[in-house]
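So the structure is just underneath, and the comments pick up after that.
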Amino acid sequence: MPPGRVLSGMRPTGRLHLGHLQGVLSNWLKLQDEYECFFFVADWHALTTDYAAPFQISGNITQMVLDWLSVGIDPRKSTVFRQSEVKEHAELFVLLSMITPIPWLERNPTYKELLQEIKDKDIHTYGFLGYPVLQTADIIIYKAEKVPVGIDQAPHLELSREIARRFNHLYGEVFPEPQTLMTAVPKVLGIDGRKMSKSYNNAVLLSDAPDVVEKKLLGMMTDTARKRRSDAGNPDVCPFFVTFHVLYSDEGTIEQVREGCAKASIGCTDCKRMVIPRVLASLEPIRKRRAELEKDPSVVESILKDGRRRASGVAVGTMIEVRKAMGLSGC
Ligand code: TRP
Ligand code: SF4
């Protein structure tokens, strides 16, 4: 039995942070040893919201791929490519858009939420409404069986299954229905105590220098009720604890911190210093690999070129089947 095929993508938002590592990338790393994986840069999807600044996107692509490689995404095992370099995604998107009812897209909760939330850009566009249709094309063009995504993407995947089903019903069985591999995303909070996110400017980046990481962690928000050193604190509501101790400390340290915090026998700085070396040590190999990769600026380019070749091999074959099923030219 050949292993199933896994596909996932990320919009190129720039340098990645610890939230991406703990949530998405650690999962990709496991999957690349078990399945045939395709990981791609969703640069067309980035345009759905950032169409007014397309040139910024290309710089972000290199930085994001460097982060993928630095954490251990291995182009010998996985196909790493850029969406806009495999034009067949766009052809399938056009065809799927013929069969996707508008109400399916309008009731998508992510769509409704973002229309409310995003005020600094005009996203009342055809492309933004069609975001999940393009995402469906990305997935089914590789006949991917499994798509690892976070819970926020679940409605999109449900739509992808519906669109694939509709295609099969109208034109014959071409596509397997993609299954969601739900990624359990651990709680990763940023230095201001909110969810770690690039847009909040509160993130610890994978490529931050050790002294920057240390400074960010020492400045990170703690239990706000613990105002003085002599006040007792509650680790369970402390953003620093629930992120860094929970993810990086051993049981013994966690116990020590719980007791010390509750009895006010340790201060927040002592508490932070108990885990900072571990965080730095875990980032060290990532930083080293990145420094190595940065020496040769053509590395990312040649990996994407090879990825494009491998991805196209599959996508071109699927499109021949699709055109045949729909009686179009080019099969
Ligand atoms: N929508 C995804 C995100 O924002 C990115 C994405 C685009 C994707 N196409 C995909 C993810 C296909 C999985 C499969 O994270
Ligand atoms: Fe948080 Fe540690 Fe300070 Fe307690 S002692 S509030 S767990 S940083």
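Just so you know, residue 1 is the first one in the sequence shown, and it goes up from there. No hydrogens, no waters, no symmetry mates; every other heavy atom, side chains included, goes into these values. In this text, all values refer to a predicted model and were calculated from it rather than measured experimentally. Counting starts at 1 for both ligands and their atoms, following the listed order.
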Any ion pair linking Glu91 and Arg323 (charged N to carboxylate O, less than 4.0 Å)? yes
Considering non-hydrogen atoms of the protein only, which is the closest contact for atom 8 (S) of ligand 2, and what is the distance? Thr222 CG2, 3.5 Å
Of all protein heavy atoms, the one nearest atom 5 (S) of ligand 2 is Arg226 NH1, 3.0 Å
Heavy-atom nearest neighbour in the protein, as seen from atom 4 (Fe) of ligand 2, with distance rounded to 0.1 Å: Cys261 SG, 2.3 Å
Asp223 contact mode with ligand 2 (heavy-atom cut-off under 4.0 Å): both
Take Thr180 and Arg161, measure what side-chain hydrogen bond (donor to acceptor under 3.5 Å, both in side chains) needs, and give me the verdict at the end. CA-CA 10 Å; Thr180 313; Arg161 280 189 287 279; 3.2 Å; yes
Minimum non-hydrogen distance to atom 3 (C) of ligand 1, winning option of Gln135, Gln153, His89: Gln153
What are the atoms of ligand 1, with element, lying closer than 4.0 Å to any heavy atom of Val147? 13 (C), 14 (C)
Could you list which atoms of ligand 1 come closer than 4.0 Å to a heavy atom of Asp138? 7 (C), 9 (N), 10 (C)
If you have a sec, work out which protein heavy atom is nearest atom 2 (Fe) of ligand 2 and how many Å separate them, to one decimal? Cys271 SG, 2.3 Å
Side chain, backbone, both or neither: the part of Ile139 lying under 4.0 Å from ligand 1 by heavy atom: side chain
Which residue holds the protein heavy atom closest to atom 1 (Fe) of ligand 2, what is that atom called, and what is the gap in Å? Cys238 SG, 2.3 Å
Give me the nearest non-hydrogen protein atom to atom 3 (Fe) of ligand 2 as residue plus atom name, then the distance to 0.1 Å. Cys268 SG, 2.3 Å
Quiz item: cation-pi between Lys146 and Tyr35, 6.0 Å / 45°: no
For Leu7, the ligand 1 atoms with a heavy-atom partner under 4.0 Å come out as 12 (C), 14 (C)
Is the shortest side-chain N to carboxylate O distance from Glu145 to Arg5 below 4.0 Å? no
